[in-house]
Amino acid sequence: MKTASKSVFATIIVAVAIVNIFMIGLLALALDTARERKEAEVRTTVENLALLLDQNVMGAVNQVDFYLREIQVYLERELRTSGALDESALNQLLRANGNLVSEVVDLRVMDASGAVRFGRAALRDATSNYGDREFFKRHETNPQAGTQASRLLQGRDTNAWVHIFSRRYNHPDGSFAGVVAAAVPASYFQGLLSGLDLGPHGIALMRDLDMALIARHPPVSSRAGQVGAVGGSIELAQLLRSGAASGTFYSEKTADGITRTDAYRRLSAMPAFVVVGLGESDYLLQWHDDVKKAFILAGLFLCFSLVFSWVLWRLISSREGATLRSQTLLQHASDGIHILDLEGHLLEANDAFRKMLGYEADEIAGMHASCWSHTTSAYDARNIVDRLLGTKDVSSIETTFRRKDGHIYPVEITSSIVDLEGQQVIFSSARDITERKKTEDTLRITATAFESQFGMLITDADKVILQVNKAFSEITGYSSDEVVGLTPSLLSSGRHDADFYFRMWSDIIQRGAWHGEVWNKRKNGEIYPQQLSIGAVKDNKGKITHYVATLMDITARKVSEERARTLAYYDPLTKLPNRRLLMERLDHALRASERHKSKGALLFVDLDNFKAVNDTAGHQEGDRLLEHAAERLLACVGQGDTVARLAGDEFVVILDGLSEQGIEAATQARTVAAEMAEALSKPYALGSMEYRGSASIGITLFGGHPESIEEPLKRADLAVHQAKASGRNKVQFFDPHMQAQVKARVELEGGLRLAMEKSQFSLFFQPQVTGTRRITGAEVLLRWHHPEKGMISPARFIPLAEETGLIIPLSRWVLEQACAQLAIWKQDPQMSQLALCVNVSANQIRQDTFVSDVLRILDNTGADPHRLNLELTESSLVTEVESVIAKMDVLKARGVCFSLDDFGTGYSSLAYLKRLPLDQLKIDQGFVRDILIDPNDAEIAKMTIVLAGSLGISVVAEGVETESQRQFLEKHGCHSYQGYLFGAPMPLEDFEHLFSTESRH
């Protein structure tokens, strides 16, 4: 036995040792992994900090470069225009740019010998010459050097350490004129470094490629920390010699004796590099604390395991206590355990039983059960014992106990006969069921309430239906078996969006309840309104366990409300809005038009001679006429417009959201009014007779400025009275001028359609010439010769054609005529080289059939596609740029040329310009007109010429009217022209005559 005990003891000791070794190994592995992860994070951090410094330096250098370029452009422009540099103007420019980097940059201008000619006041009197500096010689010998950055230099005037950023500027002939330079002191870069948070032992360095110190943070007073000092760790020197652009290294033997993890990065904007390092003692501080905690944890674990082993050994070695344990279990049971003899006297009881009755241990010993059982006498107790002896089964009964203080409460007793040391006893367990009884009563009351006249349903936390009442089934048509296990979503009507349900459930979760009206669906598909209340049931920890919903069908109430609303807001005869609702909607329309800066229209419709219908056919037929008129008016307006019956035979129509332009909005309103007048003039079947009527309509516009509701009504009323006074069956605007404009526009649109049918259009040709006045082609221009009004300006009919869509067939006709003319010229050796430019509208090029139409016309006419030049406007490129480019590529492959007309007037964008397959840019005549008097127009024209040259395409100037304009354009590289100087737009015969005349000369 002793040998077995020793074996068990040895096993426990070995197990404890293995567990502790395993625990220590896990801690060591975790600490090593944590250190590696921390070091990797630090390497990433210092790399990011080095990159941040690189970007900060690049930003400062780009700013310096911007000012150097600006000064270079100024110098070269002054040398080109006046041949000399104005000292006062240049110094003023330098002072204006002197705030660069908070007044730390010195700007200076050197001539070709290296002498400082101009500069800030601090350097104006300096006698230094920079002709021997490396940066100066580089600019002198290399015209393409651009902006150069020097290594760290010591200034000759101030002995300060600086970096020189410089650019060359040239004479007009391209020869070397000098250098403009900016000196950035090393102290500026110290400011860039000082913004970094590096911890107590971190460091940030900036050195040039000769290892000379530019800046250091934090600064040190030793010689190694002075600007210009050459130094650096061995690891840094090796990394620099390797030529790597960036990298990380670990430095132990540093000048200040601090071990760090460092990141090195060569700067992209200047010949220097930065080093950012974080102290190992800083970033491993938490890791060292974790090591200490790990040792403490290992010690605690060892102590715990030893104690646990000792306890376990004691338990294993103990052979006693089984009886004690049983008694302990009985004493600590939650139920009242008690043992009675067969006579009902108490033999033994646990603490829970004594607390249930309120007695001490010495008070309850030997007590008879009838003393605490409120409903059981000694006789009853004997009967219970006999029943237990007869069955030998476990018996459970509900009875009541009386406490020592007299309080009576319900209990449940479970009893059985057992043998205890050769004696039969009654072993009983008593449980206080007061709370259970309360719960049962609550459930019984709840069940009664659940079967109320309101529909109710209960779901779990996942919204799965657990129970519904009878009223729910009566309201929805679903039985309990059909919905239990499903979710309430089967009742959804589809009338509410996801946002409605999201807000509803948010209220339930946040506030515990929601109450409101919803539309739900019955089993038969009927949609009905419902009053719905949902509450969340939570447990004692605040977690939602169930949802309870009560619902009520409110169809009858809604019908009653709707009936009341109809009586209040709608005309009972026509079911149209009455005056009250009209005024509300008109107020809303006025505010909306003012807010959106749009126009609206108010139409006053008065049925002509309506009183005669009442007098002849009777009021019943008159009412039928009003109903038919209302239906016809509704058919003429959109869904967002309003048709209301004001009184008698008077109707008012609100047209909302019309065009912002007054004349266009008036045209839209006039069109609707005409439709209404036509609809109201159609026959009405009134009983046995057929009635034909008419209507007088008054129109006024509103919007664009605040006004009261009554104002538009007054204006429309006056307009309808004017219509009736002028003979009835009229449409009249309140504003006579607008009436005339609308009428003129309608007539022009009708004339435009007739002109297409009657072939009243013709083509005019405006010559395009070279600098030698040789005609190379012409721009095709559309002209309309009205048989009565004569020549109508394209400025009037082209915009109208665009709005009405007539521009599509009209443009197709122009293209067909131009290609037919090219085919005719193709047969003439002299005119076969002429090209025709045809304007293409934005609407035309957006057509899906545009490419196929052009190719079909070329094939049908036999025109040379290389002589066809399609002119696009910038407005056609505002949208669907990719589609336009694709169409141009297809036609370009066939040989068709493209010009960009009116360049610079609207939406010019270099982003799409460089992608367009263009052959030509046209300078708009608006720039050419004032090219000699407006410097801005002149600069734009010159920029366009330069831009066209850089893109490899030709340029044509439009609107050239004087020889001086032509000479200016020629001087700056434009050699193709179009304008009245060479010929106005002319008929084909005149153009061919001009060409033949010029050809002979």
From CA spacing to verdict: side-chain contact (heavy atoms from CB on, under 4.5 Å), Thr261, Leu278
CA-CA 6 Å; Thr261 294; Leu278 295 179; 5.8 Å; no
Flag if over 12 foreign heavy atoms under 6.0 Å of OH, Tyr250:
yes
Can you confirm if the NZ or CZ of Arg522 lies within 45° of the ring axis of Tyr528 and under 6.0 Å from the centre of its six-membered ring?
yes
Take Leu306 and Trp310, measure what side-chain contact (heavy atoms from CB on, under 4.5 Å) needs, and give me the verdict at the end.
CA-CA 6 Å; Leu306 290 175; Trp310 179 79; over 6 Å; no
Run Lys575 and Asp571 through salt bridge (Lys or Arg N to Asp or Glu O under 4.0 Å) and show every step you take.
CA-CA 5 Å; Lys575 303 301 185 292; Asp571 174 49; over 6 Å; no
Surrounding NZ of Lys463 (heavy atoms of other residues, nucleotides or ligands, distance under 6.0 Å), is the total greater than 12?
yes
On a heavy-atom basis, which atom in Ile465 and which in Leu457 lie closest, and how many Å separate them?
CG1-CD1, 4.4 Å
Will you find, in the side chains of Thr45 and Asn48, an N or O donor that is under 3.5 Å from an N or O acceptor?
no
Going by atom types only, do His217 and Ser194 share a side-chain donor-acceptor pair under 3.5 Å?
no
Could you pull out the closest heavy-atom pair between Ser473 and Ser480, with the gap in Å?
OG-N, 3.9 Å
Please check: side-chain N/O of Asp282 versus main-chain N/O of His201, any donor-acceptor pairing under 3.5 Å?
yes
Roughly how far, to the nearest 0.5 Å, is the CG atom of Leu532 from the CE atom of Met504?
6.5 Å
Check whether any side-chain heavy atom of Met552 sits under 4.5 Å from a side-chain heavy atom of Ile554, and report yes or no.
yes
Quick one: are the ring centres of Trp505 and Tyr547 less than 6.0 Å apart?
yes
For a side chain to side chain contact (heavy atoms under 4.5 Å, CB included) with Ile475, tell me which candidate from Asn520, Leu551, Leu491 qualifies.
Leu551
Heavy atoms, side chains only, cut-off 4.5 Å: are Thr459 and Val464 in contact?
no
Side chains of Ser428 and Phe353, heavy atoms from C-beta outward: is any pair under 4.5 Å?
no
Side-chain heavy-atom pair Arg495, Phe500 within 4.5 angstrom cut-off:
no
With a distance cut-off below 6.0 Å to the six-membered ring centre and an angular limit of 45° from the axis, does Arg580 pair with Tyr569 as a cation-pi contact?
yes
Say you draw a straight line from CG of Asp341 to CD1 of Ile426; how long is it, rounded to the nearest 0.5 Å?
7.5 Å
Plane angle bin for Phe304 and Phe308 - parallel if under 30°, tilted between 30 and 60°, otherwise perpendicular:
parallel
CA sep, side-chain torsions, deciding dist, call: Lys523, Glu482, side-chain contact (heavy atoms from CB on, under 4.5 Å):
CA-CA 10 Å; Lys523 181 181 178 180; Glu482 289 175 315; 2.5 Å; yes
Note, Val411 side chain near Thr400 side chain (heavy atom, < 4.5 Å):
no
Salt-bridge test for Arg503 and Asp499: reply yes if a basic N is under 4.0 Å from a carboxylate O, no otherwise.
yes
What distance do Ser479 atom OG and Glu474 atom CD have between them, rounded to the nearest 0.5 Å?
12.5 Å
Sequence-distant partners of Arg511, salt bridge (charged side-chain N to carboxylate O under 4.0 Å, His left out), two or more places apart:
Asp507
Are Thr33 and Glu36 linked by a side-chain donor-acceptor pair shorter than 3.5 Å?
no
Run the side-chain contact (heavy atoms from CB on, under 4.5 Å) check on Leu297 and Met23 step by step: do they pass?
CA-CA 10 Å; Leu297 180 62; Met23 180 67 178; 3.9 Å; yes
Contact summary for Ile508 and Ala536, nearest pair of heavy atoms:
CG2-CB, 4.2 Å
Glu47 vs Thr44, test: side chain to side chain donor-acceptor pair (under 3.5 Å). Steps then yes/no.
CA-CA 5 Å; Glu47 287 175 355; Thr44 301; 5.0 Å; no
Over all atoms of both residues, closest heavy-atom pair of Arg403 and Lys355:
NH1-O, 3.2 Å
Identify the heavy atoms of Val276 and Val46 that sit nearest to each other, and give their distance.
O-CB, 3.6 Å
Is the shortest side-chain heavy-atom distance between Leu582 and Asn578 below 4.5 Å?
no
How about NE2 on His345, more than 12 heavy atoms from neighbouring residues, nucleotides or ligands closer than 6.0 Å, or not?
yes
Measure across Leu490 and Leu486 and return the closest heavy-atom pair with its distance rounded to 0.1 Å.
CD1-CD1, 4.1 Å
Measuring from Glu280:CD to Trp287:CH2, what's the distance to the nearest 0.5 Å?
9.0 Å
Verify the distance criterion only: is there a donor paired with an acceptor across the side chains of Tyr283 and Glu41 at less than 3.5 Å?
no
Do the charged groups of Asp539 and Lys541 touch, with an N to O distance under 4.0 Å?
no
So, Asp587 side chain and Met583 main chain: donor-acceptor pair closer than 3.5 Å or not?
no
Given side chains that start at C-beta, do those of Val548 and Met456 come closer than 4.5 Å, heavy atoms only?
yes
With rounding to the nearest 0.5 angstrom, report the CD1 to CD1 distance, Ile13 to Ile18.
12.0 Å
Gap separating the CD atom of Gln530 from the CG atom of Asp553, nearest 0.5 angstrom
7.5 Å
Measure from the side-chain N and O atoms of Asn469 to the backbone N and O of Gly455, and report whether any donor-acceptor pair falls under 3.5 Å.
no
Ion pair check, Arg35 and Glu39, cut-off under 4.0 Å
yes
Would you tell me whether Ser251 and Asp262 have side-chain atoms, one donor and one acceptor, within less than 3.5 Å of each other?
yes
Any side-chain heavy atom of Pro410 sitting closer than 4.5 Å to one from Thr434?
yes
Is it the case that the side chain of Ser533 and the backbone of His515 share a donor-acceptor pair, with hydrogens and angles ignored and the cut-off at 3.5 Å?
no
For Val537, does its backbone N or O pair with a side-chain atom of Thr545 as donor and acceptor, under 3.5 Å?
yes
